[in-house]
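One-based numbering, in listed order, for ligands and for the atoms of each. Scope of the values below: all heavy atoms of this structure, side chains included, with no hydrogens, waters or symmetry mates. Quantities reported herein were computed from a predicted structural model and do not represent experimental measurements.
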Amino acid sequence: MCYIVLAHTYLSCSKQEIEPQHHPPYGGIQLKAVDRTDPCPTFLWHTLTQAEIEQTLKTGSAGLNAAEVSQRIKQYGPNRLSTQKRRGVLFRLFMQFHNILLYVMLGAAVITALLGHWIDTGVLLAAVVINAIIGFIQEGKAEAALDAIRAMLSPRATVIRNGKKHEVNAENLVPGDWVILVAGDRVPADLRLVSTTELRIDEAALTGESVSVEKNTDTAQAATPLGDRYGMAYSGTVVVYGMGTGIVIATGSMTELGKINQLLTGIQSLTTPLLRQIDGFGRVLAIVIIALCVITFILGTMWRNIAPAEMFLMVVALAASAIPEGLPAIMTVTLAIGVQRMARRNAIIRRLPAVEALGSVTVICSDKTGTLTRNEMTVQRIICAGHIFDVGGTGYSPVGDFSKEGRIIDPDHYPALSMAIRTGVLCNEARLCEENGQWSVEGDPTEGALLVAGNKAGFHQHIADAAWPRVGSIPFDSRHRFMATYHRDSDGEPWIFVKGAPERILEICSMQLDDDGERPLVADYWHRKASRTAASGLRLLGLACKRATPAKEHLDFSDVESGYTLLALVGIIDPPREEAVQAIAECHRAGIQVKMITGDHEETARTIGAQLNIGIGKKAMSGADIALVDDAQLRRIVLQVDVFARASPEHKLRLVQALQEDSQVVAMTGDGVNDAPALKKANVGVAMGMKGTEAAKEASDIVLADDNFATIVNAVREGRTVYDNIKKFILFMLPTNGGEALVVIAAILFELTLPLTPAQVLWINMVTSSTLGLALAFEPAERNIMSRRPRPPEEPLLSGFFIWRVLMVSMLMMGCTLFLFLWELNHGTSIESARTIAVSTIVMAEIFYLVNSRYIFASVMNREGLTGNYYVLISIVICIALQFAYTEIPLLQAIFQSTSLSILEWLKVLCAGLLIFFIAELEKMALRAGIAPARIQHMR
Ligand code: ATP
């Protein structure tokens with residue numbers, strides 16, 4: 001009987017934590033408790049052998065079956081770390097009041113109450129509450145958008161269940177599951193390893209140790225620290241090399257990672273450098289405005305001898321009108337809407353600053369396979385010594401004939417061909433599946449293509465696996481560019497099969513197989529054939545074999561160095577994506593360079609590049625050439641070359657660095673674990689959602705759900721739109737606040753009757769800021785957005801032009817309002833009516849200026865400009881309705897001392913709005929006509 005060591009009792013665990021362990025499947029094994037200080041029960045799994053683990057968890061090499069899985073899911077719960085505790089609804093609402101402006105307004109409410117101005121107090125309090133509620137709703141919306149995106153990033157795991165490989169959502173793993181790990185995977189649960197091939201794991205997430213650990217299947221002493229338990233793989237750590245299989249021993253919060261309650265890096269909170277910059281700007285502005293108010297108050301009371309109570313009301317009005325309180329909330333919403341739009345178009349943003357960086361990308365470096373091409377591979381040609389065979393059929397449907405010079409042949413009559421087909425099927429990790437007559441591939445499409453060719457020749461995977469059982473393997477890695485497997489045939493004879501990049505395979509071959517048996521290799525023949533086939537755009541693989549056993553117990557690199565017999569070169573077609581061709585043309589129009597960095601053959605890369613309009617008439621550069629030049633030379637060359645072939649992840653890193661040193665803003669795609677450094681270094685790291693590893697996704701800023709190049713370009717468009725919309729919003733908001741503030745300041749300076757009371761200023765803010773400005777967050781991309789140059793990243797948001805526009809519109813609003821107000825007063829209108837006209841003028845001016853603000857430089861005097869944003873129209877209707885209510889409803893008349901306006905008065909208000917609208921359009925026209933062409937050049 002074996003002794004399983006059980007740590008402590010469950011008593012000290014919280015109910016939720018211990019629930020999964022209430023009925024552990026001990027399988028009749030006697031348990032022994034140790035270490036009574038450990039608060040949670042822990043099996044010392046690292047001390048147990050595979051047999052003991054299998055017995056304990058009632059599992060075996062075929063994995064669990066569906067019934068066992070569903071029973072265990074119920075018993076142990078999903079394999080998920082409890083997410084960070086959300087702030088409660090009340091707490092979040094309460095936090096909305098934690099804002100310098102609201103403090104000022106609350107302070108003012110207290111003072112107005114002490115002064116007995118109850119209506120002002122009421123309006124101030126109403127404004128505070130409405131602001132907080134709007135902020136609360138907007139924050140909730142933005143958080144919900146991010147939550148939905150977080151859910152799209154849930155990791156996957158490969159398990160063996162019922163004797164078959166499946167890809168499942170990592171949340172569905174249960175103890176006893178058999179999990180397969182390959183390079184780039186994030187370990188999805190705590191595993192006891194039962195087989196490893198050169199498996200190395202980066203455990204920094206758990207132990208902080210940055211050097212990866214070589215894993216094996218050994219047991220360890222009970223007291224062995226976490227980092228030295230080589231037979232274990234822990235949830236959250238990353239496989240950096242090799243492959244392995246392990247049995248799940250703990251999931252969710254019972255994993256080591258769960259116990260230290262450390263969440264893995266997910267999407268960060270809603271902020272970016274730009275938002276922080278604007279937030280800071282808003283705060284400085286608020287302080288300056290408060291200082292101004294204090295000075296005005298002192299001047300008014302001491303110099304002009306205005307009563308302090310009256311003066312106080314004036315400065316409250318000034319503060320309320322000048323502070324742009326909606327700024328941070330609306331910008332957060334603009335960003336969240338952009339992120340949501342990108343997700344809808346398959347670009348999932350992991351780090352928000354990427355949204356801004358996307359808008360200024362100047363170079364996109366893209367992989368070829370699957371991103372620029374369709375990744376639907378078909379073997380078209382097989383070149384053996386002395387024969388070239390064509391393979392019929394397209395896609396994954398295994399229908400097609402082998403032919404030679406136009407005549408259909410039987411592959412079995414050509415020994416090298418049939419051996420090559422066999423190698424392709426055996427040295428393979430993919431699976432060909434059929435469902436309702438539809439064929440698909442699980443795994444690498446290159447390998448899928450070889451399985452399809454095998455099926456066409458009658459050599460099916462299940463037959464091959466049974467007749468030639470696999471004993472060991474070296475997985476494919478884009479750094480060594482080959483894969484090898486070790487098998488025994490039905491006579492027990494050992495075979496090693498390899499497939500990989502032709503140059504790599506030729507290096508290890510000394511013989512070739514032809515119709516009469518093995519002959520010495522004629523390397524020249526193969527090199528010529530490889531270049532010619534690649535030049536027709538086909539992707540190339542070399543296939544070779546050797547009758548030998550590995551030198552050591554396991555197959556390793558020393559077994560793939562020499563003595564192989566070359567069987568064939570395989571040419572695989574992978575056509576370019578049509579949408580990529582269009583997207584590249586769009587990039588060129590948008591001033592963005594596209595560079596293709598691929599692991600493929602130089603000729604293949606050049607031909608596919610030409611089909612996509614990348615690097616035409618320019619030289620291609622190989623990874624070997626990159627290795628030969630130093631950084632300074634590379635910096636010079638990198639802008640001249642668009643196609644980089646046989647490039648490895650290290651080369652990608654150097655290319656990003658060289659481009660960045662040239663002040664380029666680089667978006668770089670990647671999928672493998674080794675791409676992580678380049679993805680991190682790039683301004684926008686883009687990982688592939690479908691074929692990308694978890695390690696690549698984690699290092700990236702964006703994940704492409706469809707692996708498609710066109711999606712990057714869509715994301716660039718959205719990035720530019722978000723930036724535009726933030727600018728548009730600021731350009732709308734600052735002058736509207738400025739206009740109101742100037743009205744109040746002018747009245748104080750010139751000792752005029754105050755055209756707006758504090759309550760009225762707050763009304764304007766409530767009605768316009770919350771309804772009108774928000775509409776700009778929904779602005780669609782401008783039509784010319786992708787014909788502009790990329791935005792220089794160092795370009796300040798608040799430029800001289802911005803200040804000009806803000807001042808111009810502020811002055812216009814002040815001018816119109818004061819003019820109408822004074823005109824009415826001089827013509828004997830009551831102060832109430834004159835003020836109602838002043839308030840309506842500002843509201844109307846903001847409505848018209850909102851339409852102007854839809855385009856910063858372009859004219860809005862066209863159908864698209866006037867009606868193109870549905871939200872703008874809705875918010876205008878709401879705003880007009882509210883303003884009618886303000887003038888017509890007796891309750892509001894009583895609160896705000898407003899009056900009804902006659903048609904003539906409304907017409908005057910309308911004229912003021914139209915005047916501002918046309919002057920703003922004239923200013924744009926003047927700018928477009930050349931007063932500031934350089935400034936707007938990249939906006940057009
Ligand atoms: P990209 O970098 O654009 O995605 P790629 O897929 O061609 O292009 P790699 O995956 O690094 O780049 O492949 C490099 C070469 O390795 C390929 O050209 C091919 O010859 C070989 N190769 C690709 N996949 C396999 C595989 N599964 N097994 C063996 N060799 C492979």
Side-chain angles (χ1 to χ4, degrees), residues 182-184 243 365-375 377 379 420 423-431 441-451 473-485 497-508 526 530 533-534 537-544 560 568-574 576-577 580 594-609 612 614 620 622-623 643-652 655 668-675 678-679 686-688 690-693 696 704 707-709:
V182 294
M243 59 197 290
C365 298
S366 174
D367 284 351
K368 172 181 72 70
T369 312
T371 314
L372 292 167
T373 64
R374 285 199 221 147
N375 219 7
M377 311 239 183
V379 173
T423 303
V425 173
L426 289 170
C427 187
N428 204 311
E429 293 291 346
R431 260 164 45 87
V441 163
E442 260 180 30
D444 181 351
T446 307
E447 299 191 344
L450 295 173
L451 295 181
S473 67
I474 301 177
F476 173 76
D477 187 302
S478 52
R479 276 186 302 185
H480 55 245
R481 296 200 182 98
F482 74 85
M483 169 181 174
T485 51
F497 297 109
V498 289
K499 72 175 196 307
E503 314 88 273
R504 190 68 187 77
I505 300 300
L506 277 165
E507 265 170 30
I508 58 168
W526 295 104
T533 317
L538 294 183
R539 180 174 169 78
L540 280 178
L541 278 183
L543 302 171
V560 197
L569 293 182
V570 177
I572 300 175
I573 187 164
D574 179 20
R577 290 178 184 262
V594 181
K595 300 198 183 286
M596 181 166 96
I597 305 179
T598 174
D600 218 333
H601 194 281
E602 198 170 320
E603 292 296 335
T604 315
R606 207 204 300 262
T607 309
I608 298 285
L612 289 159
I614 301 177
S622 72
V643 174
F644 297 89
R646 288 288 188 239
S648 63
E650 296 81 59
H651 300 142
K652 280 187 173 180
L655 289 170
M668 166 72 82
T669 68
D671 48 19
V673 58
N674 305 315
D675 287 334
L679 291 176
V686 185
M688 300 298 139
M690 281 153 68
K691 69 169 185 162
T693 55
L704 302 183
D707 292 9
N708 190 342
F709 180 82

Given salt bridge (Lys or Arg N to Asp or Glu O under 4.0 Å), test Asp574 with Arg539 step by step and report yes or no.
CA-CA 7 Å; Asp574 179 20; Arg539 180 174 169 78; 5.7 Å; no
Please assess Asp367 against Lys652 for the test salt bridge (Lys or Arg N to Asp or Glu O under 4.0 Å), listing each intermediate value before the final yes or no.
CA-CA 10 Å; Asp367 284 351; Lys652 280 187 173 180; 2.8 Å; yes
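Taking Glu503 as the reference, Ala501, His601, Arg646 meet the side chain to side chain contact (heavy atoms under 4.5 Å, CB included) condition, with sequence neighbours excluded. Listed by chain and residue number, His487 satisfy the side-chain hydrogen bond (donor to acceptor under 3.5 Å, both in side chains) test with Thr485 (two or more places apart in sequence, or in another chain). Residues passing the side-chain hydrogen bond (donor to acceptor under 3.5 Å, both in side chains) test with Thr371, sequence neighbours excluded: none.
With hydrogens and angles left out, the side-chain atoms of Arg577 and Thr373 include no donor and acceptor closer than 3.5 Å.
Contact residues for ligand 1 (protein heavy atom closer than 4.0 angstrom to any ligand atom): Asp367, Lys368, Thr369, Asp444, Glu447, Phe476, Ser478, Arg481, Lys499, Gly500, Ala501, Arg539, Leu540, Leu541, Thr598, Gly599, Asp600, Arg646, Lys691.
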